[in-house]
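We count residues from 1, following the sequence as given.
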Amino acid sequence: MKTLFTLSACAVASCLQAQVTSAPDPFAHTFSIVARDPATGEMGVAVQSHWFSVGTAVSWAEAGVGVVATQSFVNVSFGLRGLDLLREGQTPQEALDRLLSDDTGKGFRQVAILNGKGVAVFTGDDCIPEAGQRKGTDYSVQANMMLNNKVPDAMAQAFENTGGPLAERMMAALEAAQSVGGDVRGKQSAVLLVVRGEKTDKPWEDRLIDLRVDDHKEPVKELRRLLTVYRAYQYMAEGDLAMEHNDAAKALESYGTAEKLYQENEEIGYWYAVALANTGHLEDAMPRFNAAFERNPGWKTLTRRIYDRKLLVVSEDDLKKILN
């Protein structure tokens with residue numbers, strides 16, 4: 001294998017893929033984490049790689065079933081096949097053993113599988129250094145083709161020492177990996193995927209978070225930003241629900257929190273202004289209306305329309321003040 005490293009990177013990829021599999025699977029060397037929150041049952045997988053759109057190949061998850069990260073010289077089929085095996089009742093270790101049992105490219109694979117029954121992880125002996133893994137209670141971190149051997153330990157420590165929701169803990173693990181060197185090739189894409197621990201009768205609600213950065217100079221930083229935006233819009237939805245139930249105090253609290261999380265977003269500020277105006281706080285609403293109008297005059301047009309539909313409940317005089 002040493003002679004391969006005298007070739008170009010593309011030649012190495014082509015040569016090794018030819019040995020590993022007949023299919024043109026992704027050359028997705030990376031660092032990742034699979035994890036579960038025992039309190040909520042939520043399960044997730046988070047990944048960063050110097051490979052385009054890593055989330056379409058490495059990360060797999062299904063509510064009530066489990067999560068899979070398949071990387072290095074990726075056997076993409078391990079994602080769906082792994083979930084199928086978990087769905088049949090096999091443990092993560094049994095599923096992993098089955099996937100690797102007839103894989104001619106086993107030495108080049110790195111795979112982690114997790115569900116409520118446990119976690120299993122494998123790093124093939126032929127994975128390109130630095131490669132390694134760390135398994136803890138309800139999580140596993142794995143990395144290959146890293147700049148140094150510090151990444152797995154840094155990820156494990158960050159995950160264990162960070163509080164809050166599962167998604168934020170996994171983000172901390174990705175950030176820790178990058179802080180100690182990360183992928184020897186650099187950065188390109190990242191993904192954060194979280195599903196419910198149990199399926200519901202509303203499958204569209206079972207995938208809680210699905211954020212992807214396909215091509216970016218700072219994918220982990222961008223993924224963190226998107227997670228913050230996601231949280232802001234969660235509060236917006238919470239505020240909308242409170243308004244539906246005539247809970248003005250709760251609505252204003254939720255809208256206010258959303259605005260603090262994502263201050264530069266004109267949409268959040270605009271709908272917060274509508275909620276303020278509808279609850280008799282026009283003076284507080286005006287700066288927010290004006291900020292939205294300055295950024296995009298279309299908000300003025302929308303304001304007239306929602307007034308006509310009685311979604312903005314103010315007097316005609318107050319409407320004139322808003323639109324002035």
Side-chain angles (χ1 to χ4, degrees), residues 25-36 42-62 66-76 78-79 82-83 92 96 99 108-115 119-124 127-136 138-147 149-160 162 166-195 209-214 219-220 222-224 227:
D25 289 334
F27 187 53
H29 298 277
T30 188
F31 54 81
S32 68
I33 177 169
V34 296
R36 177 177 177 271
E42 292 178 2
M43 300 175 291
V45 53
V47 186
Q48 194 282 150
S49 178
H50 191 280
W51 188 264
F52 174 69
S53 192
V54 69
T56 59
V58 171
S59 52
W60 303 84
E62 183 177 334
V67 297
V68 178
T70 172
Q71 57 196 53
S72 187
F73 291 94
V74 181
N75 187 328
V76 178
F78 281 6
L83 293 177
L96 181 59
L99 292 174
F108 300 102
R109 311 297 190 203
Q110 193 168 50
V111 190
I113 304 177
L114 172 143
N115 69 4
V119 58
V121 60
F122 172 82
T123 299
C127 287
I128 297 175
E130 293 286 342
Q133 63 190 47
R134 298 291 181 274
K135 185 169 74 169
D138 292 312
Y139 78 91
S140 172
V141 296
Q142 41 284 326
N144 63 89
M145 203 186 271
M146 296 295 101
L147 180 64
N149 64 2
K150 299 178 182 179
V151 169
D153 283 340
M155 294 182 74
Q157 291 171 12
F159 182 76
E160 291 182 357
T162 300
L166 180 65
E168 275 72 9
R169 297 179 68 197
M170 291 195 298
M171 273 302 316
L174 294 188
E175 290 165 340
Q178 198 58 60
S179 73
V180 297
D183 191 321
V184 70
R185 302 164 299 170
K187 302 162 282 188
Q188 186 168 3
S189 65
V191 61
L192 176 62
L193 179 58
V194 179
V195 296
I209 299 176
D210 188 357
L211 301 175
R212 298 186 180 190
V213 179
D214 286 341
V220 172
E222 176 64 6
L223 193 62
R224 168 66 78 175
L227 180 58

> Under the side-chain contact (heavy atoms from CB on, under 4.5 Å) criterion, do Leu99 and Ile113 qualify, and how do the steps go?
CA-CA 11 Å; Leu99 292 174; Ile113 304 177; 3.9 Å; yes

> Where the side chain of Glu130 meets the backbone of Asn144, is there a donor-acceptor pair that is under 3.5 Å apart?
no

> For the CE atom of Met171 and the CD atom of Gln48, what is their distance to the nearest 0.5 Å?
10.0 Å

> Answer with yes or no whether the side chains of Ser32 and Gln71 bring together a donor and an acceptor at under 3.5 Å.
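Note: Gln71 and Ser32 side chains meet the donor-acceptor criterion.
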
> Any salt bridge between Asp183 and Arg185, counting N to O under 4.0 Å?
yes

> Test of understanding: with side chain to side chain donor-acceptor pair (under 3.5 Å), list the residues that count as partners of Lys187, not counting sequence neighbours.
Glu218

> Ignoring hydrogens, what is the shortest heavy-atom contact between Val111 and Phe78? Give both atom names and the distance.
CG2-CD2, 3.6 Å

> So does Ala143 get a backbone contact from the side chain of Gln110, meaning a donor-acceptor N/O pair under 3.5 Å?
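Side chain of Gln110 to backbone of Ala143, a donor-acceptor pair under 3.5 Å: yes, one is there.
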
> Closest heavy-atom contact between Ala57 and Val74?
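For Ala57 and Val74, the tightest heavy-atom pair comes out as O-CG1, 4.0 Å.
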
> Please state whether the rings of Phe108 and Phe73 are parallel, tilted or perpendicular, taking 30° and 60° as the class boundaries.
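Judged by the thresholds at 30° and 60°, the geometry between Phe108 and Phe73 is perpendicular.
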
> Apply the test side-chain contact (heavy atoms from CB on, under 4.5 Å) to residues Val67 and Leu193: give CA-CA distance (whole Å), side-chain angles for both, the deciding distance (0.1 Å), then the verdict.
CA-CA 9 Å; Val67 297; Leu193 179 58; over 6 Å; no

> Does Thr56 reach the main-chain N or O of Ser53 with its side chain, forming a donor-acceptor pair under 3.5 Å?
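Yes, Thr56 side chain to Ser53 backbone: donor-acceptor pair under 3.5 Å.
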
> Side chains of Pro92 and Val119: does their closest heavy-atom pair fall under 4.5 Å?
no

> When you check the gap from the basic side-chain N to the acidic O, do Glu42 and Arg36 get nearer than 4.0 Å?
no

> How far apart are the closest heavy atoms of Gly182 and Val151, and which atoms are they?
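That closest heavy-atom pairing would be N-CG2, 3.9 Å.
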
> Please test Val45 against Ile33 for side-chain contact (heavy atoms from CB on, under 4.5 Å), starting from the C-alpha separation and ending with a verdict.
CA-CA 6 Å; Val45 53; Ile33 177 169; over 6 Å; no

> Does Val54 offer a backbone N or O that forms a donor-acceptor pair with the side chain of Ser189 under 3.5 Å?
yes

> Starting at CZ of Phe122, measure out to CD of Gln133 and round the result to the nearest 0.5 Å.
8.5 Å

> So, taking the atom named OG in Ser140 and the one named CZ in Arg134, what distance separates them when rounded to the nearest 0.5 Å?
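Answer for the OG-CZ pair, Ser140 versus Arg134, is 10.0 Å.
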
> With Met43 as reference, evaluate Asn115, Val194, Asp138, Val34 under the side chain to side chain contact (heavy atoms under 4.5 Å, CB included) test and give the passing residue.
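It is Asn115, the one option of Asn115, Val194, Asp138, Val34 that forms the side chain to side chain contact (heavy atoms under 4.5 Å, CB included) with Met43.
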
> Which value, rounded to the nearest 0.5 Å, describes the distance between His29 atom NE2 and Cys127 atom SG?
7.5 Å

> Does any non-hydrogen side-chain atom of Phe159 lie less than 4.5 Å from one of Leu166?
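Side chain of Leu166 against side chain of Phe159, heavy atoms only: contact under 4.5 Å found.
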
> Using 0.5 Å steps for rounding, measure from the CG atom of Asp214 to the CD atom of Glu222.
11.0 Å

> What heavy-atom pair brings Ala173 and Met155 nearest, and what distance separates the two atoms?
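So the minimum-distance heavy-atom pair works out to O-CG, 3.4 Å.
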
> Looking at side-chain heavy atoms only, is the closest gap between Glu160 and Tyr139 below 4.5 Å?
yes

> Can you tell me how far apart OG1 (Thr30) and CD (Gln188) are? Round to the nearest 0.5 Å.
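It comes to 11.0 Å.
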
> Backbone N or O of Asn75 within a donor-acceptor pair of the Thr70 side chain at under 3.5 Å?
yes

> Sub-3.5 Å donor-acceptor pair from the side chain of Arg212 to the main-chain atoms of Val191, do we have one?
no

> With sequence neighbours left out, what residues match Glu168 under salt bridge (charged side-chain N to carboxylate O under 4.0 Å, His left out)?
Arg231

> For residues Val141 and Pro152, report the shortest heavy-atom separation together with the two atoms involved.
CG2-O, 3.4 Å

